[in-house]
Structure formats: C-alpha cells, structure tokens
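Just so it is clear, the structure is predicted and the values come from calculations on it, not from any experiment.
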Amino acid sequence: MFHRLWSARASLRWKIAALAAATACLVVAAVGVLVHLWIEQDIRDRAEARAFNSVYSAMEVYRSTGTLADGAHLDPPDLPAALRHPVDGDRHTAYDGHVDGNDGPSFWAAQRTAGPGSPVLAFQVNMNSELYTLRQLDMTMTVASLAALAAATPLAVYGAGLLARRLRRVSETAGRISAGDLDARTGPTKGHDEVADIAATVDLMADSLGQRLRTERRFTADVAHELRTPVGGLLAAVDLLPPGETEDLLRARVRDLRGLVEDLLEISRLDAGAEQPVRARVPLGAVVREAVTRTGFDAEVTVGDAQGADFTVETDPRRLERIVSNLVVNAHRHGDTPVQVTVEGRTVVVRDHGPGFPKDLLVHGPRRFQTGATERGSGHGLGLTIALGQARLLGAELRFDNAPDGGAVATLRLPD
C-alpha cells in the first residue's frame, strides 16, 4: 500500500502538479510581499506629508492667534528626541515606532515657534488605522490566494494527468515492443507537441525494428529450409561409407548439423507464430519421465505427490517433452551431475550441480548462439531459447536461477 502511494506521488502527474502549486505559491507570496511593502511605504509617506503640512498650518494659526490648532502641541513629553531641538524656522519629521494600545506607530513633525529657546510646536499623525487596514488587506489577500490555489491545484492535476496519460501510452507501447510485440503502436496522438513527436518516433522505431526482425527471421527460415535437403543428402551419403572411425566421425558431425538445422527451423516457426499447441490432458510425471528417458542422460526424477498419484495437466505433451529434454540436456552439457528433476503439482524443476547460469543469462534471458561456455563445441546455444519459446507458446512460465549452494535451477510452471 505504501509503495503504491509513493509511486503515485512520485509520478510525473503529481510532480507537475506539485511544481505548479509551488510556483503559484511563490508568485502569490512575492506579489503579496511587494504589495504589502508598497502600501506600507505609501502609508508612511502620506503620514509624513500630512504631519509636515499640519505643522505648517498649526504654526500659521499659532502665530496669528496665539492658539493651538486641533492636534498641535507645545513641547509634548513624548516628542521623539530627534525633534526636541529643531533648527530655528525649519520643519522636521521623525518616525516613532512606539505603540501604546491604539496609538502608534506614528509620524511627528516639529518646528520652533520663534528663536532659540522658544517652545517647539509639534503635530503627531497616528498610522494605526491605516496599518490596521493594511493588515486586513494582508489577511484578505492570503485568503484569496489560498482559495485561488485550492481552485488552481485540481486544474494543474488534471492538466498534468492529460500529459501523463499520453506519456504512459507511449511507455506502454515501448514496453510491449521490448517484450516482443512488434505490432504494438501508439497511433495518432492529440496535439503537435513533444509528446506527439516521441509517440511518432516510437512508432517509427517499431516499424524499422519489426522490418529488420522479420527480415532476419525470414533469412533464418530460408537458410534452414535450404540446408535441410543437402544435409539429408550428406546423411545418406555417409551411410555409403565403409564402417570405421572416419564414418563414425562424419556421421556424428552430419547429425549435429541436422540438429542445428532442425533447431533453426523450430525457432523460425516460433518467431513467426506458426506453431499452435495441441492440448490434451496427460499425467505430468509420466511425460517428464519419458522426456528424460529420451535424452539418454541420467537424471533423478522425483514426483512430489505423496499419494503416488500422477498429477494431470492439460497441455501439449510433445512441446512439454521438448522443454524438459532441452533443460536436461543443457544441465548435462553445461552443468555437472547429479541432475535432479522434481515434479510438484504443475511445477517442474531441473537442477544440476555445476557452476550455474551465467549472470548475463539471468539478467537478459537466453540468447541465440550464446552457450555461456568458453568452448563452442559443447552446443549451439539454442536449447534454452527453444525451451523458452515453447514455454511461452504453452502459456507457461520458465524461470532461470542459481541455487544458493551452487548449480543452475530451471523452473517450469504450467498454467492452471
């Protein structure tokens, strides 16, 4: 459950949505800070100008009538220290950040009423109401930004989902092609953006790859068919040789060549999809024993049913024998004795006690003409390829592993 949630969070869709949300948050925060600073500075500038002009008006009233205008004070006790000794005749302003209840912060303006030693006329402009309005504006912007973000995030998720679905479609097509489905195509995609270009490129790559593989398979099938007749002639000609060591050597080599030709023909038919299984209900243990016997190699066959009854399966017995015999032959050629064959339910396990499968085979699976041996005389590297192809045709799973205590382990699991 945690893995699925983490995969969903880590998908491209959620990454794009998270990036869009983060970008929106940064934009909102930057705009909010700029607006706050601009309005705050405007409030201070207007308060300073108001205090400056109010002192001028109050000074005119005081000099003409000797009375103080509303809001004007002479030598107020809370006058900022910077304004207590203004230059005669000059007006000065100062910011007072002191807050006492609803008073403050404020701007003061002061001017001496006459010559040196005369009282200082001062006027205070309280900015509390304007700053309260600014705080209200900040709160409103915050709420509006959160609401806009809540509305924009689903849209970002939806838009990112459209892109992710298109990319997922291309990815699924590429996965099917890599799994061997050469007819898989993405098809036309909406839009004319980079995703459409990628989809078209994948389809073009699939066309090119399919054409090359079909050409290779056709070449392999043609070569195998053409070689079948001369190899048969060679085998007939060997029968005309006088008995002896030379005749035995030639016969063995011609038989190897015929086996190679037959394997190539079988692979070409499997690749072309020309093979169809002929299913029948058969006893699995008996089929496995018969397949091991036909190989001519010694192998210990164990049927895991405690009652001794042979478990029956519905499969193609000829192809099942082919798979088991190829696994047993491979175990003797590239492994070491004893070779053990275990039948348990629908599962057949072939194990040897040799050096095990090569790492490359465990990672990429069997490949044609790669035997995993330093010498090329011990096989053609087609046995496991054929076994894997026949298993896929039967709908079975063929897995290759190495035992912890040494030896190769091939596990065939037949379908229900």
query: From Glu300 CD over to Gln340 CD, what is the distance, rounded to the nearest 0.5 angstrom?
result: 5.0 Å
message: Could you tell me if the side chain of Thr302 sits less than 4.5 Å from the side chain of Val343, heavy atoms only?
response: no
message: Just verifying a value: how many Å separate Glu290 CD and Thr295 OG1, rounded to the nearest 0.5 Å?
response: 10.5 Å
task: Kindly write out the residues that satisfy side chain to side chain contact (heavy atoms under 4.5 Å, CB included) with Ala58, not counting sequence neighbours, or none if the list is empty.
output: Ala69, Ala72, Leu121
message: Between Asp405 and Arg351 (salt bridge meaning N to carboxylate O under 4.0 Å), is one present in this structure?
response: yes
message: To the nearest 0.5 Å, what is the distance between NE2 on His332 and OG1 on Thr337?
response: 7.5 Å
task: Report, as yes or no, whether the 6.0 Å neighbourhood of atom CZ on Arg50 holds more than 12 heavy atoms from other residues, nucleotides or ligands.
output: no
- prompt: If only atom types and distance count, is the side chain of Thr65 paired as donor or acceptor with the main-chain N or O of Val61 below 3.5 Å?
  reply: yes
query: In chain order, what residues pass the side-chain hydrogen bond (donor to acceptor under 3.5 Å, both in side chains) check against Asn126, with sequence neighbours excluded?
result: none
task: Please list, chain by chain and in numerical order, all residues satisfying ring pair (Phe, Tyr, Trp, His ring centres under 6.0 Å) with Tyr95, sequence neighbours excluded.
output: Phe107
Greater than 12 external heavy atoms within 6.0 Å of Arg46's CZ: yes
task: Starting at CD of Glu40, measure out to CG of Leu131 and round the result to the nearest 0.5 Å.
output: 6.5 Å
- prompt: Can you name the nearest heavy-atom pair linking Leu149 to Ala21, along with the distance?
  reply: CD1-O, 3.9 Å
- prompt: Which heavy atom in Phe123 sits nearest to a heavy atom in Asp70, and how many Å separate them?
  reply: CE1-O, 3.2 Å
- prompt: Is the backbone N or O of Ala410 less than 3.5 Å from a side-chain atom of Arg399, with the two atoms forming a donor-acceptor pair by type?
  reply: no
- request: Write down the atom of Ala109, the atom of Leu83, and the distance for their closest heavy-atom approach.
  value: N-CD1, 4.3 Å
query: So which pairs with a foot in residues 136-151 pass side-chain hydrogen bond (donor to acceptor under 3.5 Å, both in side chains), sequence neighbours left out?
result: His36-Asp138
- request: Look at the side chain of Ser325 and the backbone N and O of Arg322, then say whether any donor-acceptor pair between them is shorter than 3.5 Å.
  value: yes
task: Ignoring hydrogens and angles, tell me if any N or O in the side chain of His353 forms a donor-acceptor pair with the backbone of Gly407 under 3.5 Å.
output: no
field: Asp42 bridged to Arg44 by N-O distance under 4.0 Å
entry: no
field: Heavy-atom check, side chain of Val339 versus side chain of Val350, under 4.5 Å
entry: yes
statement: Those residues at least two apart in sequence (or on a different chain) that pass side-chain hydrogen bond (donor to acceptor under 3.5 Å, both in side chains) with Arg281 are Thr312
message: To check you understand the geometry: which heavy-atom pair defines the closest contact between Asp352 and Asp336, and what is its length?
response: CB-O, 3.5 Å
- prompt: Closest approach of Leu74 and Pro119, non-hydrogen atoms and distance?
  reply: CD2-CB, 4.1 Å
task: State whether the side chain of Asp96 and the backbone N or O of Ser106 hold a donor-acceptor pair below 3.5 Å, judged by distance alone.
output: no
task: Return yes if a side-chain donor-acceptor contact under 3.5 Å exists between Thr347 and Arg413, otherwise no.
output: yes
field: Gap separating the NE2 atom of His92 from the CZ atom of Arg112, nearest 0.5 angstrom
entry: 9.5 Å
Where Ala110 and Val55 come nearest, the two heavy atoms and their spacing: N-CG2, 4.1 Å
- request: Would you please name every residue forming a side-chain hydrogen bond (donor to acceptor under 3.5 Å, both in side chains) with Asp78, sequence neighbours left out?
  value: none
- prompt: Nearest 0.5 Å, what's the CZ-CD distance between Arg135 and Glu130?
  reply: 11.0 Å
- prompt: Taking side chain as C-beta onward, heavy atoms only, is Ile323 less than 4.5 Å from Leu394?
  reply: yes
message: One thing to verify: whether Asp75 and Arg84 come together as a salt bridge, which I'm taking to mean a side-chain N less than 4.0 angstrom from a carboxylate O.
response: no
